[in-house]
Amino acid sequence: MCGIIGYTGILDAKKVLTEGLQELEYRGYDSAGIAYFMDNTIKTIKQEGKVSCLCESVKETAAEDVTTCGIGHTRWATHGGVSTTNSHPHTFGKVTLIHNGIIENYKSLEEELQQKGMEPVSQTDSEIAAMVINDCYEGNPVKAIKAAVAKLEGAYAFCIMFEDFPGVIYAIRAGSPLVATHTEKGTIIASDMVALLKYSKNYFVLPEHHIARLTVDDITITNMEHQVVEPKMLHVNWDVASARKGGYDYFMLKEIHEQPEALKNTIGPRMVNDLPDFSEDHIPDSLFTDINRVIITACGTAMHAGLVGKNMIESLTRIPVTVDIASEFRYQNPILDKHTLIITISQSGETADTLAALRLAKENGSKTLSIVNVKGSSIARESDYVLYTHAGPEIAVASTKAYTVQLAAMYLFAFRFAYAKGLLSEEDTKKYMRKLENTIQTVEELLSYDEEVKPIGKKLKKTKDLFFIGRGLDYALASEGSIKLKEISYIHSEVYAAGELKHGTISLITDNVPVIALATQANVYAKMISNIREVRSRGAKVILITNADAHVDASLCDYHIMLPEMDDAFTPFGAAIILQYIAYYAAVSRGLNVDQPRNLAKSVTVE
Ligand code: F6R
């Protein structure tokens with residue numbers, strides 16, 4: 001949600017900022033802007049639309065400006081519509097800032113400021129923050145920031161420039177992420193590591209409620225008591241190419257193709273002598289013997305990975321697992337105790353609701369483990385234990401590779417859990433591990449199914465409504481297929497447990513309504529076939545996905561995709577690729593921007 005970047009150094013700051021915003025654009029893309037020091041003044045350029053529109057504006061209006069210090073922002077609108085006025089940076093008095101987050105009490109602050117005779121020009125909460133900081137400013141930026149944030153409620157990451165301090169950027173965060181690095185060419189701070197990769201692979205996460213002061217030579221961090229704090233340096237082994245499209249039309253397609261590698265990197269280091277091994281993750285077996293209940297909580301695709309994980313954990317350990325949407329879990333007064341393990345799953349590690357659910361679990365004395373892709377992110381840092389997925393940077397808004405590695409992490413967890421509790425013998429655990437490892441090869445094979453799926457995508461070009469049906473694991477997976485299709489192709493779809501359809505929804509199945517039926521599970525295969533016949537006889541166009549050994553009567557469906565030979569418990573890894581391709585090719589056939597779907601943004605740091 002909103003990408004922010006600040007740079008001060010010896011390079012062309014406009015170039016650093018606009019290039020950085022292009023890397024961060026997946027976080028929000030309805031408007032963008034930069035502000036920079038020109039001698040002792042601050043100049044601002046803002047533009048509604050994509051970062052490329054801002055780049056044009058910068059070329060047209062400021063080609064001659066030479067600057068080495070500035071801040072930049074790409075917006076995902078929350079308060080105030082999409083307009084140039086509402087885009088960042090916002091300036092009030094001596095203060096120019098960019099903001100990611102939401103200031104919840106901005107209305108009451110606005111009223112206070114109005115009583116003092118000050119009027120904002122935009123409808124944003126961010127401008128109010130600039131006004132509050134300016135109101136607190138008497139020549140000392142740190143004092144002003146400290147006094148201002150004491151008045152703010154909500155989540156924020158700010159980069160702030162004070163007109164009186166050319167070449168200096170101040171930053172502070174609460175909730176929203178900020179990472180920074182120091183290089184020979186200056187200092188740089190951003191919402192996400194992908195904007196820093198070009199300059200360094202070493203970085204640190206700005207601790208919450210600490211103020212960073214960036215100059216050409218150094219970054220100083222002080223806490224609220226004005227003590228200097230040394231940040232903990234982190235390292236990523238992502239390279240710049242991993243955050244580029246690399247010849248693919250879209251990041252999403254590239255990321256679909258990166259799944260075998262991502263799975264290898266996630267499973268490989270945890271497979272020791274063919275057994276699941278969490279020693280490098282510092283997860284002791286005592287964790288498994290201490291718990292009698294698991295709650296998985298997450299949002300969107302990550303939550304769908306939890307639904308698949310539940311199935312495997314329960315079937316191997318017979319320990320009850322519930323899966324909750326994080327934004328619901330938080331408010332339903334959940335029953336938590338020290339024998340409950342809360343697993344939070346998150347690609348970004350910054351999703352506000354997931355983070356809040358984790359905090360709630362900790363407050364109530366539960367143990368916490370997170371499955372996270374971004375190293376050093378808030379959810380990872382605040383969990384008792386972390387199982388990092390190694391998908392590399394995921395740029396497309398629609399999650400693909402992060403999902404399959406989340407599945408892998410869930411399976412590894414289930415295997416170790418059952419093994420540690422003595423419920424799975426060494427031999428059987430090894431068998432499961434080998435099957436998990438084999439999914440890498442199968443996923444690789446499935447990447448070449450694009451030619452088979454493309455015609456399905458084309459067929460969906462004019463579709464308005466569609467249904468996904470499945471049972472058991474297939475139902476869990478269908479939830480993911482449905483969100484993927486909706487978010488990038490804008491086709492309305494609903495997912496139904498196949499047996500439930502006839503309890504109401506089948507009234508919507510009429511001639512030519514597409515139904516994507518997942519029937520990969522032998523134990524419910526016959527029941528699925530009956531359900532498919534039910535929709536077929538009402539005119540549905542059926543796209544059927546089965547496991548390799550299914551005998552499918554040609555009259556049953558219009559398209560049949562048969563997965564390569566896979567154990568039933570592992571078919572989500574394979575079928576996920578088909579569902580990702582269906583969504584991708586449907587969106588492409590409708591001429592949509594697959595990587596930047598409307599109204600969405602990656603990393604949802606607002607509640
Ligand atoms: C869908 C998608 C979202 C995210 C959700 C959680 O393709 O990407 O549904 O899965 O916003 O995000 P993370 O995993 O970063 O917590």
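Small disclaimer: the values here were computed from a predicted structure and weren't measured.
Across every non-hydrogen atom of Tyr203 and Lys375, the tightest pair is OH-O, 2.9 Å. Ile342 and Ala361 get closest at one heavy-atom pair: CG1-CB, 3.2 Å. What you find for Gly70 and Ala13 is that their closest heavy atoms are N-CB, 4.2 Å. When all heavy atoms of Leu358 and Ile379 are compared, the closest pair comes out as CD2-O, 3.7 Å. The shortest heavy-atom contact between Gly72 and Ile98 is O-CD1, 3.1 Å. The two residues Gln406 and Ala302 make their nearest non-hydrogen contact at OE1-CA, 3.5 Å.
Ring geometry, Tyr170 versus Phe165: the interplanar angle exceeds 60°, so the pair is classed perpendicular (tilted spans 30 to 60°). Aromatic ring pairs are classed by plane angle as parallel below 30°, tilted from 30° to 60° and perpendicular above 60°; the pair Phe573 and Tyr411 is perpendicular.
The closest side-chain heavy-atom distance from Thr68 to Asp12 is not below 4.5 Å. Considering only heavy atoms from C-beta on, Leu234 stays 4.5 Å or farther from Asn202 through its side chain. At least one side-chain heavy atom of Val205 sits under 4.5 Å from a side-chain heavy atom of Arg381. Using a 4.5 Å cut-off on side-chain heavy atoms (C-beta onward), Pro260 and Gln441 make no contact. The shortest side-chain heavy-atom distance between Phe278 and Leu387 falls under the 4.5 Å cut-off. Residues Asp125 and Ile102 have side chains in contact (heavy-atom distance under 4.5 Å, counting atoms from C-beta outward). Within the 4.5 Å cutoff, side-chain heavy atoms of Met410 are placed close to those of Ile343. You'll find the side chain of Thr91 reaches within 4.5 Å of the side chain of Thr44, heavy atoms only.
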Show your working on side chain to side chain contact (heavy atoms under 4.5 Å, CB included) between Ile128 and Val132 and close with a plain yes or no. CA-CA 6 Å; Ile128 303 299; Val132 174; 4.2 Å; yes
Given side chain to side chain contact (heavy atoms under 4.5 Å, CB included), test Leu109 with Ile103 step by step and report yes or no. CA-CA 10 Å; Leu109 292 169; Ile103 306 303; 4.2 Å; yes
If you apply the rule ring pair (Phe, Tyr, Trp, His ring centres under 6.0 Å), what do you find for Tyr106 with His79, and how did you get there? CA-CA 10 Å; Tyr106 83 106; His79 292 59; 4.9 Å; yes
Verdict with reasoning, Thr400 to Gln580, per side chain to side chain donor-acceptor pair (under 3.5 Å): CA-CA 7 Å; Thr400 52; Gln580 292 165 359; 5.0 Å; no
Given the rule in the side chain to side chain donor-acceptor pair (under 3.5 Å) test, do Ser83 and Glu48 qualify, once you have shown the distances and angles that lead to the verdict? CA-CA 5 Å; Ser83 70; Glu48 192 178 325; 5.8 Å; no
Given the rule in the side chain to side chain contact (heavy atoms under 4.5 Å, CB included) test, do Thr124 and His90 qualify, once you have shown the distances and angles that lead to the verdict? CA-CA 9 Å; Thr124 64; His90 290 286; 3.4 Å; yes
Do Leu412 and Leu436 pass the side chain to side chain contact (heavy atoms under 4.5 Å, CB included) test, and can you show the C-alpha distance, the side-chain angles, and the key distance before you say yes or no? CA-CA 8 Å; Leu412 286 165; Leu436 182 62; 3.8 Å; yes
For His282 and Tyr385: C-alpha separation, side-chain torsions, deciding distance, then whether ring pair (Phe, Tyr, Trp, His ring centres under 6.0 Å) applies. CA-CA 7 Å; His282 309 291; Tyr385 305 102; 9.7 Å; no
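The backbone N or O of Gln227 sits less than 3.5 Å from a side-chain atom of Asn223, completing a donor-acceptor pair. Judged purely by atom type and a 3.5 angstrom limit, His88 uses its side chain to pair as donor or acceptor with the backbone of His99. Side-chain atoms of Ser191 come within 3.5 Å of backbone atoms of Ile4 as a donor-acceptor pair (strictly under, hydrogens ignored). Judged by distance alone, the side chain of Gln22 and the main-chain N or O of Val51 form no donor-acceptor pair under 3.5 Å. The backbone N or O of Ser399 lies less than 3.5 Å from a partner atom in the side chain of Lys484, making a donor-acceptor pair. Panel note: side chain Glu350, backbone Ser378; a donor-acceptor pair is recorded below 3.5 Å. Distance alone, capped at 3.5 Å, places no donor-acceptor pair between the Thr8 side chain and the Thr187 backbone. Distance alone, capped at 3.5 Å, places no donor-acceptor pair between the Arg213 side chain and the Val168 backbone. No donor-acceptor pair closer than 3.5 Å links the side chain of Ser370 to the backbone N or O of Thr344. Checking side-chain atoms of Ser383 against main-chain N and O of Thr368 turns up no donor-acceptor pair under 3.5 Å.
Separating the CD atom in Glu110 from the CD atom in Glu112 is a distance of 11.0 Å, to the nearest 0.5 Å. Expressed to the nearest 0.5 Å, how far CZ of Arg27 lies from CD of Gln596 amounts to 13.5 Å. In this structure, CD1 on Ile371 lies 5.0 Å from CD1 on Ile345, to the nearest 0.5 angstrom. How far OG of Ser31 is from CG of Leu54: 9.5 Å, rounded to the nearest 0.5 Å. Atom CZ of residue Phe162 and atom CZ of residue Phe37 lie 9.5 Å apart, to the nearest 0.5 angstrom. How far CD1 of Ile45 is from CD of Gln47: 10.0 Å, rounded to the nearest 0.5 Å.
Side-chain contact check for Asp450 and Tyr584: no donor-acceptor pair (N or O, by modelled atom type) lies under 3.5 Å. When only modelled atom types and interatomic distance are considered, Thr301 and Glu480 share a side-chain donor-acceptor pair under 3.5 Å. Between Asp277 and Ser279, the side chains place a donor N or O and an acceptor N or O closer than 3.5 Å (distance only, hydrogens not considered).
Note on Glu255 versus Lys401: no salt bridge recorded, every NZ/NE/NH1/NH2 to OD/OE distance being 4.0 Å or above. Salt bridge annotation for Glu382-Lys362: absent, with no cationic side-chain nitrogen under 4.0 angstrom from a carboxylate oxygen. A salt bridge does not link Lys14 with Asp65: every distance from a Lys NZ or Arg NE/NH1/NH2 to an Asp or Glu carboxylate oxygen is 4.0 Å or more. The residues Arg359 and Glu363 are annotated as not salt-bridged, no charged nitrogen and carboxylate oxygen being separated by less than 4.0 angstrom.
The environment of NZ in Lys201 is crowded: more than 12 heavy-atom neighbours from other residues, nucleotides or ligands sit within 6.0 Å. No more than 12 heavy atoms of other residues, nucleotides or ligands shown are found within 6.0 angstrom of CG on Asn273.
A ring-centre distance under 6.0 Å is found for His257 and Tyr248.
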